[in-house]
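Okay, so here's the structure we're looking at.
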Number of protein chains: 2
Amino acid sequence: MNTNVSPYEHPEVTVDLVIFTVNEQKLKALLVKRGEQPFAGIWSIPGGFLQTGESLEDAAIRVMQEKTGVKEIYLEQLYTFGKPDRDPRRRVITVTYFALIPWKNLIQPESKKVTDLAWLTVDELPELAFDHREILNYATNRLRTKASYSNIVYGLLPAHFRLSDLQKIYEIIIGRELDKRNFRKRMLATGLLEETGQKEIVGAHRPAMLYQFKKREFVLLD
Amino acid sequence: MNTNVSPYEHPEVTVDLVIFTVNEQKLKALLVKRGEQPFAGIWSIPGGFLQTGESLEDAAIRVMQEKTGVKEIYLEQLYTFGKPDRDPRRRVITVTYFALIPWKNLIQPESKKVTDLAWLTVDELPELAFDHREILNYATNRLRTKASYSNIVYGLLPAHFRLSDLQKIYEIIIGRELDKRNFRKRMLATGLLEETGQKEIVGAHRPAMLYQFKKREFVLLD
DNA sequence: CCAAAAGTGTTATTGATACACCCATGC
DNA sequence: GCATGGGTGTATCAATAACACTTTTGG
């Protein structure tokens with residue numbers, strides 16, 4: 001079979017990522033300011049072309065590491081977008097992933113003076129390139145939905161954390177306040193958490209016990 | 001930009017479908033017996049190449065119609081599989097969809113004597129070509145999970161049905177028997193169903209009220 | 001001693017489960 | 001009149017939601 005005369009298209013395949021973190025009480029996503037046309041100067045989600053011999057997930061991990069320096073993170077495939085006109089130049093299919101990073105695991109992301117890479121608050125976004133707004137909305141919905149029936153938020157927390165940190169993350173993602181006593185009861189009842197024995201020492205108040213997830217992996221609740 | 005010298009691959013992109021129905025008290029999937037190498041004579045899920053200018057979903061609908069004659073069905077994107085060696089010949093990315101069809105909507109699928117197209121029981125499958133077993137397992141899990149928190153089973157039922165039909169579909173998908181009274185209570189409490197006013201007349205027993213979904217569209221429960 | 005976050009139980013309400021008999025029909 | 005599936009209610013148990021005060025620390 002000669003693939004050069006096949007009656008169908010060989011589109012370009014990219015892998016694009018919606019990378020979330022939580023910082024300053026907000027859900028944020030990593031965005032890249034485009035340098036080239038089309039959409040020069042417009043923010044876009046990070047991505048790259050699939051390389052020869054590379055699996056989709058490997059490509060996602062590669063892009064992740066290029067942009068954040070981090071590779072051990074929560075990563076899951078999101079959706080594949082392929083409308084014929086989603087890139088004005090040519091046919092591009094994009095397989096999208098969504099990723100979660102604890103803010104503390106980032107290596108001082110503000111220190112290097114990059115102006116083309118930024119963590120923007122998800123509900124205050126400017127115009128995005130291509131169909132990236134649709135992709136980002138899709139990812140945000142997925143995150144909010146999964147937070148309600150899984151332990152997915154572990155991906156946004158450092159190894160050790162206070163229960164109040166955990167509660168705050170949930171509140172930011174689902175967008176409403178939770179009752180402290182009920183929250184703690186429910187979380188401890190899942191059996192997914194354990195005390196570290198250490199206590200958080202800063203602040204003019206009673207120190208908090210630090211907890212960790214017994215396993216840092218995705219689990220459905222109930 | 002000359003795409004002929006680009007440093008990345010232009011893989012082939014296919015759309016493959018896992019099409020489910022329920023018949024004879026079993027969950028079944030539509031499979032195609034391959035005529036060509038590789039995997040000649042082995043069952044595979046139906047699919048086809050993405051055509052120029054065609055969206056992914058349009059391609060899925062096209063394949064659907066080619067194989068079943070039906071186009072108005074439940075259809076959702078499942079996952080995109082792209083391991084470099086998933087096709088022994090060349091790089092093929094497949095965007096998979098899963099579809100549901102009510103058995104009654106099929107136009108006598110047994111009448112035309114096709115031997116290369118068959119509805120096979122999902123938990124008694126032979127060897128499948130490529131990574132199609134993995135794809136089918138993924139689809140089956142998705143269906144089972146979604147059945148528990150949505151009205152997705154409407155895709156497997158004809159326009160009018162008895163509550164016992166609905167219950168049977170649930171039991172087949174989730175794999176255990178349900179209490180009749182509790183099931184009816186819960187289903188009617190969702191507010192998604194309405195009586196048609198008609199009754200089912202066949203059988204040496206009391207006729208059953210026929211129901212329909214108020215809207216034949218995906219809704220989350222609770 | 002004051003401010004600030006940590007930590008802790010009980011009650012009320014709601015939803016889920018378990019369970020058995022009568023009804024309408026065809027033969 | 002008997003076999004077959006259709007149709008109905010109540011009581012128990014489990015999960016969720018509402019709600020306020022004491023503890024420990026730093027300054």
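Since the model is a prediction, treat every value here as computed from it, not as a measurement. So you know, we letter chains A, B, ... as the sequences are listed, proteins then strands, and number each from 1.
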Nucleotide range of DNA chain C contacted by chain B, 5' to 3', under 4.0 Å to a heavy atom?
dT17(C) to dG26(C)

Is a side-chain donor or acceptor of Thr14(A) paired with a backbone partner of Gly48(A) at a separation under 3.5 angstrom?
no

Expressed as a whole number of angstroms, how long is the span from Glu177(B):CD to dG5(D):P?
14 Å

Here the distance between atom C1' of dA17(D) and atom CZ of Arg176(A), to the nearest Å, is 11 Å

In whole angstroms, the gap separating P of dG5(D) from CG of Leu166(B) amounts to 18 Å

Whole Å only: how far is the NZ atom of Lys199(A) from the C1' atom of dT24(D)?
9 Å

Whether over 12 other heavy atoms sit under 6.0 Å from Lys214(B) NZ:
yes

Of all heavy-atom pairs between Leu128(B) and Leu125(B), which one has the smallest distance, and what is that distance?
CD1-CD1, 4.2 Å

Separation between CG (Leu193(A)) and CE (Met187(A)), nearest 0.5 Å, reads 7.5 Å

Salt bridge or not between Glu76(B) and Lys146(B)? Use side-chain N to carboxylate O under 4.0 Å.
yes

Could a donor-acceptor pair under 3.5 angstrom be found where the side chain of Lys185(B) meets the base of dT10(D)?
yes

Of all of residues 201-214 of chain A, which get a heavy atom below 4.0 angstrom from DNA chain C, listed by number?
Ala204(A), His205(A), Arg206(A), Pro207(A), Ala208(A), Met209(A)

Atom CZ of Arg181(A) and atom P of dT22(D) are separated, to the nearest Å, by 12 Å

Cut-off 3.5 Å, side chains only: do Thr96(A) and Asp16(A) have a donor facing an acceptor?
no

Nearest-Å distance, CG (Leu188(A)) to C1' (dT16(D))?
16 Å

Return whichever of Asp179(A) or Asn182(B) has its heavy-atom-nearest nucleotide of DNA chain D closer to the 5' end.
Asn182(B)

Can you figure out which of dT16(D), dA20(D), dG6(D) approaches the side chain of Arg186(A) most closely?
dT16(D)

For Gln167(B) and dG5(D), give me the distance from atom CD to atom P, rounded to whole Å.
14 Å

Taking only side-chain N and O atoms of Ser164(B), does any of them lie within less than 4.0 angstrom of OP1 or OP2 on dG5(D)?
no

Does the Lys NZ or Arg CZ of Lys215(B) fall within the cation-pi geometry relative to Tyr154(B) - under 6.0 Å from the ring centre and within 45° of the axis?
no

Using modelled atom types and a 3.5 Å cut-off, is there a donor and acceptor pairing between side-chain atoms of Asp165(A) and backbone atoms of Arg162(A)?
yes

Cation-pi check, Lys168(A) onto Phe161(A) ring (under 6.0 Å, within 45° of axis)
no

